[in-house]
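Here is the structure we will look at, set down as structure tokens.
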Amino acid sequence: MAGGAREVLTLQLGHFAGFVGAHWWNQQDAALGRATDAKESPGELCPDVLYRTGRTLHGQDTYTPRLILMDLKGSLSSLKEEGGLYRDKQLDAAIAWQGKLTTHKEELCPKNPYLQDFLSAEGVLSSDGVWRVKSIPNGKGSPPLTTATTPKPLIPTEASIRVWSDFLRVHLHPRSICMIQKYNHDGEAGRLEAFGQGESVLKEPKYQEELEDRLHFYVEECDYLQGFQILCDLHDGFSGVGAKAAELLQDEYSGRGIITWGLLPGPYHRGEAQRNIYRLLNTAFGLVHLTAHSSLVCPLSLGGSLGLRPEPPVNFPYLHYDATLPFHCSAILATALDTVTVPYRLCSSPVSMVHLADMLSFCGKKVVTAGATIPFPLAPGQSLPDSLMQFGGATPWTPLSACGEPSGTRCFAQSVVLRGIDRACHTSQLTPGTPPPSSLHACTTGEEVLAQYLQQQQPRVMSSSHLLLTPYRVAPPYPHLFSSCSPQVESIPVFGALCSSSSLHQTLEALARDLTKLDLRRWASFMDAGVEHDDVAELLQELQSLAQCYHAGDSLVD
């Protein structure tokens, strides 16, 4: 790995995690394409943290995500489980058996029209059946989609997006995709619905060994592995898969950081009784068990509540999105995720995953909330101090952890990232002799402006802040959510934060209260999946203990 990168291995578990992950990797790919442009300044983020170099069977260099993803049978659509980079038709035909063969061919899913256009832009299938990738700029990443040969942006329509692989524009390594064949993605039968089912998947030797083999493959080639980030569905049985995966990582790779992002799709409906009860149970079991085996856990959702009572989805002042579309919700969450993970992906002065988790999780507070301002509002002619002063005393970001509004709650520690503000706007350009309208306008650097703003907002809070020039790229297939911007918008500034907050006290206690109201005899199918009544009683105790950690008076900063 170039420059001694602190490598991170990503685990992506579940179908909504696949949606968020597809946007995440598309963003990394878009940033790689821009970073290789000679007109661009050297990147502030190190792509080697997330990517690995390799070589195809035909000697062509590749640069692919350091990724293991798990999903259910039928979730890949036209994407091949082994990927397309390393396939060799001649090797496929090399069969030792000389007797009679019977071939059973499964009907292929039609390829999404967007992916057909993407593949024509990215490479070509040669006559010998081998996928030839177009040249990789500077040996890293694929060329950007918008080139002279593709003058029109390739944007999939919402109606064409059925699964996450319909809009993934990144080639994956053959060891990335691990399918759970015993459960179905589509249909009402054979679904991975309960926490206990998910736990049992990784108790089976077949899947446990497959995961361990893939982990060893990626880990053994790392020079300095700083840890693992887990993108995991919380609302279904993948909460159990994530819990067992985190336990395995903690046992095998002690001392490495494990940061888990618990993902929940958009709003739910009160009428779906079984689905809502299962979602509640899976979320509660997932949070407690993931917290036990992770360095840090952060739920991510555009919903207003983790509990049984449905709340309207969160509102962004500058975004227009459809909360019922996973394609939209996952794009917003991926934007926030790519921003708040900046500290452990920096080229210079990086913060390790372990250090970030330690800073945010003192006194047992291993669950944090996330928030973001997407996009960060900076009008033409405004400076960063001008824009920050417009927020007044209000919390500047929209909450993304379904824990209610942050106003009126206590923050114990926070990590904040502001990206995409031009250096010329970092400080106020006052005419000499003009008195500064605020202390922020008197600061001499953007870093000083941001640090002083956070100090004013949260005077006694342990804060870490990073200010980056690098914006968030919104290259196709990112959905067009910015009504006030032209369709040609290529990047946006984003303000993101992770916070250890007293809002979690109310959220976790409310989860426990909802659980105590359940008559578990009515939900025997959940219990039959491998959860005992004693497990639920223990869960309630652990939720209440975890909630107590976030009581507003329980803080080292008092």
Side-chain angles (χ1 to χ4, degrees), residues 1-12 17 20-36 40-54 61-69 136-142 170-173 175-176 214-215 217-231 249 253 255-261 294-296 298 334-360 415 417 419-420 464 466-473 494 496 498:
M1 289 294 162
R6 300 167 173 231
E7 301 97 341
V8 170
L9 174 55
T10 302
L11 275 68
Q12 202 170 286
V20 175
H23 281 298
W24 162 279
W25 295 114
N26 287 346
Q27 150 63 16
Q28 310 311 315
D29 186 70
L32 279 173
R34 298 290 297 196
T36 56
E40 292 270 328
S41 58
E44 297 164 299
L45 298 173
C46 177
D48 288 343
V49 171
L50 299 173
Y51 275 72
R52 63 178 295 279
T53 55
D61 290 336
T62 61
Y63 200 54
T64 53
R66 192 178 296 105
L67 167 70
I68 300 171
L69 71 85
I136 300 175
N138 297 337
K140 293 183 179 180
S142 48
V170 178
H171 293 292
L172 302 180
H173 189 273
R175 289 182 181 262
S176 281
R214 291 164 192 260
L215 284 169
F217 169 77
Y218 285 113
V219 169
E220 287 169 6
E221 66 181 12
C222 293
D223 293 329
Y224 183 81
L225 177 74
Q226 63 167 309
F228 306 86
Q229 56 183 13
I230 303 175
L231 279 64
L249 293 176
Y253 304 99
R256 309 294 186 187
I258 304 172
I259 297 184
T260 299
W261 309 96
S294 303
S295 312
L296 202 67
C298 180
T335 303
L337 186 61
D338 190 70
T339 300
V340 298
T341 57
V342 155
Y344 57 82
R345 299 191 289 122
L346 292 168
C347 285
S348 60
S349 304
V351 176
S352 72
M353 298 179 86
V354 170
H355 181 78
L356 178 65
D358 286 346
M359 188 200 78
L360 291 170
S415 170
V417 175
R419 64 188 300 182
S464 168
H466 293 87
L467 183 64
L468 274 71
L469 300 176
T470 306
Y472 184 86
R473 302 290 175 192
V494 180
L498 295 176

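Given the structure is predicted, the values throughout are model-derived calculations rather than measurements. Note: hydrogens, waters and symmetry copies are ignored here, and every other heavy atom, side chains too, is used.
- Residues P343 and S415 are in side-chain contact: their nearest non-hydrogen atoms beyond the backbone lie under 4.5 Å apart.
- By the 4.5 Å heavy-atom criterion applied to side chains, L468 and L346 are counted as neighbours.
- Taking the side chain as every heavy atom from C-beta outward, T10 and P65 never approach each other to under 4.5 Å.
- Remark: P471 pairs with R473, S491 by the side-chain contact (heavy atoms from CB on, under 4.5 Å) rule, at least two apart or across chains.
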Open item on the list: For a side chain to side chain contact (heavy atoms under 4.5 Å, CB included) check, start with the C-alpha distance between N26 and V170, then their side-chain angles and the critical distance, and finish with the verdict.
Closed with: CA-CA 6 Å; N26 287 346; V170 178; 3.9 Å; yes
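- Distance check, rounded to the nearest 0.5 Å: OG of S464 to CG of L356 gives 7.5 Å.
- Panel note: side chain Q226, backbone M353; a donor-acceptor pair is recorded below 3.5 Å.
- Taking the six-membered ring where the residue is Trp, Y51 and W25 present perpendicular rings, their angle passing 60° and hence far from 30°.
- When the side-chain contact (heavy atoms from CB on, under 4.5 Å) test is applied to R214, the partners found at least two apart in sequence or on another chain are I68, R175, C178, E210.
- Counting heavy atoms from C-beta on, the side chains of T341 and W261 come closer than 4.5 Å.
- How far CG of D358 is from CG of L296: 9.5 Å, rounded to the nearest 0.5 Å.
- Rounding to the nearest 0.5 angstrom, the gap separating the CG atom in L45 from the CG atom in L32 is 10.5 Å.
- Under a 3.5 Å cut-off, the side chain of E7 and the backbone N or O of C222 do not form any donor-acceptor pair.
- Rounded to the nearest 0.5 Å, atoms NE2 (H171) and OG1 (T62) are 10.5 Å apart.
- Taking the ring-ring contact (aromatic ring centres under 6.0 Å, His included) definition, one finds that W24 meets it with nothing, sequence neighbours left out.
- The side-chain heavy atoms of L337 and Q229, taken from C-beta on, include no pair separated by under 4.5 Å.
- The two residues P350 and C347 come nearest to each other via the heavy atoms CD-O, 4.4 Å.
- Taking CG of L249 as the start and CG of L9 as the end, the distance is 8.0 Å to the nearest 0.5 Å.
- Taken from OG in S295 to CZ in F228, the straight-line distance is 10.5 Å, to the nearest 0.5 Å.
- Put simply, the side chain of Y344 does not reach to within 4.5 Å of the side chain of R6, judged on heavy atoms.
- For residues 334-356, the salt bridge (charged side-chain N to carboxylate O under 4.0 Å, His left out) pairs, not counting sequence neighbours, are D338-R345, D338-R419.
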TODO: List the steps and the verdict of salt bridge (Lys or Arg N to Asp or Glu O under 4.0 Å) for E221 and R52.
DONE: CA-CA 9 Å; E221 66 181 12; R52 63 178 295 279; 2.6 Å; yes
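- Remark: side-chain polar atoms of R256 are paired, donor with acceptor, to backbone N or O of L225 under 3.5 angstrom.
- Shown here are the side-chain contact (heavy atoms from CB on, under 4.5 Å) partners of S176, two or more places apart in sequence or in another chain: L67, L172, H173, Y218.
- In this structure, Y63 and T53 have side chains that are in contact, with non-hydrogen atoms separated by less than 4.5 Å.
- Minimum interatomic distance between L215 and L11 (heavy atoms only, all atoms of both residues): CD2-CD1, 4.2 Å.
- Applying the side-chain contact (heavy atoms from CB on, under 4.5 Å) test to A17 and every residue at least two apart in sequence or in another chain returns Q12, L231, D233, L263.
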